A.B. asks: 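This structure is in structure tokens; I'll ask about it shortly.
The structure displayed is predicted, hence computed values, not measured ones.
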Amino acid sequence: MKNKKITRKITQGMYVLTTNGGGCIVDAVSQVSAEEQPMIAVAVMKKNYTNELLHKNRRFALSVLGKEGGSHLIETFGFHSMRNFDKFKDTETEEMESVPVIKDSLGYMVCEIVNLIENETHTVFLGRMIEADVFSEEEPMSYAYYREHKDELRQVTTEEGKTAWVCSICGYIYYGESLPEDFKCPICGVEGTLFKRK
């Protein structure tokens, strides 16, 4: 394979996927049918805690991120794990069809899971849209925009007075005086040697 980075040229957006008990940032989202209740496919990393939750829950929501003002949501839902961080604590949400959706977004889609496909690294969840609305007509954030501006969008902030270890790849933060032996990032899977102490 010469250069798999060509996949970054695939046009896709940035979303907060939420379900009961958690949520994460996703970009691999596709509409796969155009009926009254469209089918939506989303891929979620198997290492992600949200993947585990989706295997237990039957519904998920996708909140569309705007180009402006989405950085705090990327930090909250992209650089932390619900295993040790409450992503909903400082995030305004509204319950739709028993699933939390992000108020500070361009709109949302709530889907009922009808099927899934497993591969080595991800699960593709196929959902039928049962509820949706548009909050704003602002321009959505694309994956290409995120890649181009990721350094300014990934402003990681740590809690004052605590020793933090920050993943240099995805920004995940682990709090503790030292990293556990054989520690791996729960978000992107890299080893502890790629964490920086702050």
Side-chain angles (χ1 to χ4, degrees), residues 1 3-19 22-33 38-55 57 59-82 85 87 91 93 99-111 113 115-127 129 132 134-136 138-156 167-172 185-190:
M1 187 179 300
N3 193 345
K4 68 177 184 179
K5 288 182 181 176
I6 189 62
T7 57
R8 294 177 183 174
K9 303 296 184 186
I10 297 172
T11 302
Q12 50 198 21
M14 299 291 288
Y15 309 84
V16 178
L17 182 151
T18 47
T19 189
C24 63
I25 296 290
V26 293
D27 59 77
V29 175
S30 298
Q31 179 179 336
V32 294
S33 74
M39 300 291 276
I40 306 294
V42 57
V44 182
M45 283 181 66
K46 287 189 171 181
K47 293 176 182 174
N48 199 311
Y49 180 58
T50 306
N51 186 301
E52 185 181 322
L53 294 173
L54 287 169
H55 279 84
N57 297 320
R59 291 180 179 174
F60 64 85
L62 292 163
S63 297
V64 182
L65 292 183
K67 191 181 273 190
E68 304 297 326
S71 59
H72 68 288
L73 292 170
I74 288 173
E75 180 184 338
T76 300
F77 286 87
F79 304 154
H80 301 278
S81 171
M82 281 292 286
F85 181 86
K87 297 182 183 184
T91 305
T93 60
V99 182
V101 300
I102 307 298
K103 283 188 174 183
D104 189 14
S105 68
L106 304 189
Y108 68 90
M109 302 162 251
V110 178
C111 299
I113 298 171
N115 209 342
L116 54 86
I117 302 166
E118 303 281 3
N119 65 32
E120 293 84 357
T121 59
H122 288 68
T123 306
V124 178
F125 296 91
L126 186 63
M129 189 188 296
V134 176
F135 296 153
S136 170
E138 291 175 33
E139 189 175 354
M141 184 187 296
S142 68
Y143 179 68
Y145 179 89
Y146 169 75
R147 295 288 311 175
E148 189 178 339
H149 298 87
K150 67 178 182 179
D151 288 338
E152 58 204 75
L153 291 169
R154 292 181 0 174
Q155 295 299 317
V156 176
C167 177
S168 59
I169 304 301
C170 72
Y172 171 78
C185 179
I187 302 294
C188 66
V190 299

A.B. asks: With sequence neighbours left out, what residues match Glu139 under side-chain hydrogen bond (donor to acceptor under 3.5 Å, both in side chains)?
C.D. replies: Lys67

A.B. asks: Going by heavy atoms in the side chains, are Thr76 and Phe85 under 4.5 Å from each other?
C.D. replies: yes

A.B. asks: Where is the tightest heavy-atom contact between Ala61 and Pro100, given as atom of each residue plus distance?
C.D. replies: CB-O, 3.9 Å

A.B. asks: Atom CG of Leu116 and atom CG of Leu126: how far apart are they, to the nearest 0.5 Å?
C.D. replies: 9.0 Å

A.B. asks: Determine the minimum heavy-atom distance between Leu65 and Leu73, stating which atoms define it.
C.D. replies: CD2-CD1, 3.5 Å

A.B. asks: Determine yes or no for a side-chain-to-main-chain donor-acceptor pair under 3.5 angstrom, with Ser105 supplying the side chain and Ser63 the backbone.
C.D. replies: no

A.B. asks: Once rounded to the nearest 0.5 Å, what's the spacing between atom NZ of Lys47 and atom NE2 of His122?
C.D. replies: 10.0 Å

A.B. asks: Looking at every heavy atom in both Asp104 and His72, which two are closest together, and how far apart are they?
C.D. replies: OD2-CE1, 2.9 Å

A.B. asks: Is there a side-chain contact between Lys46 and Thr123 (heavy atoms, below 4.5 Å)?
C.D. replies: yes

A.B. asks: Please examine the side chains of Val42 and Val124, heavy atoms only from C-beta on, and report whether any two atoms are closer than 4.5 Å.
C.D. replies: no

A.B. asks: Going by heavy atoms in the side chains, are Met82 and Leu53 under 4.5 Å from each other?
C.D. replies: no

A.B. asks: Quick one, Leu62 with Val16, criterion side-chain contact (heavy atoms from CB on, under 4.5 Å). Give me CA distance, side-chain angles, the key distance, then yes/no.
C.D. replies: CA-CA 6 Å; Leu62 292 163; Val16 178; over 6 Å; no

A.B. asks: Tell me, please, which residues at least two apart from Thr50 pass side-chain hydrogen bond (donor to acceptor under 3.5 Å, both in side chains).
C.D. replies: Asn48

A.B. asks: Return the minimal non-hydrogen interatomic distance between Val110 and Val99, and the atom names on each side.
C.D. replies: CG1-CG2, 4.3 Å

A.B. asks: Should Phe77 and Thr91 be marked as a side-chain contact (heavy atoms from CB on, under 4.5 Å) after you check the CA-CA gap, both sets of side-chain angles, and the distance that decides it?
C.D. replies: CA-CA 10 Å; Phe77 286 87; Thr91 305; 3.8 Å; yes

A.B. asks: Can you see which heavy atom on Gln12 is nearest to which on Asp27, and at what distance?
C.D. replies: NE2-OD1, 3.0 Å

A.B. asks: Side chains of Met45 and Asn51: closer than 4.5 Å at any heavy-atom pair?
C.D. replies: no

A.B. asks: Quick one, Lys87 and Thr18 - any side-chain contact, counting heavy atoms below 4.5 Å?
C.D. replies: no

A.B. asks: What pairs with Thr19 under side-chain hydrogen bond (donor to acceptor under 3.5 Å, both in side chains), at least two apart in sequence or on another chain?
C.D. replies: Asn57

A.B. asks: Test Met109 against Val64 for side-chain contact (heavy atoms from CB on, under 4.5 Å), laying out the working first.
C.D. replies: CA-CA 9 Å; Met109 302 162 251; Val64 182; 4.0 Å; yes

A.B. asks: Specify whether Phe135 and Tyr108 have parallel, tilted or perpendicular ring planes, treating 30° as the upper limit for parallel and 60° as the lower limit for perpendicular.
C.D. replies: tilted

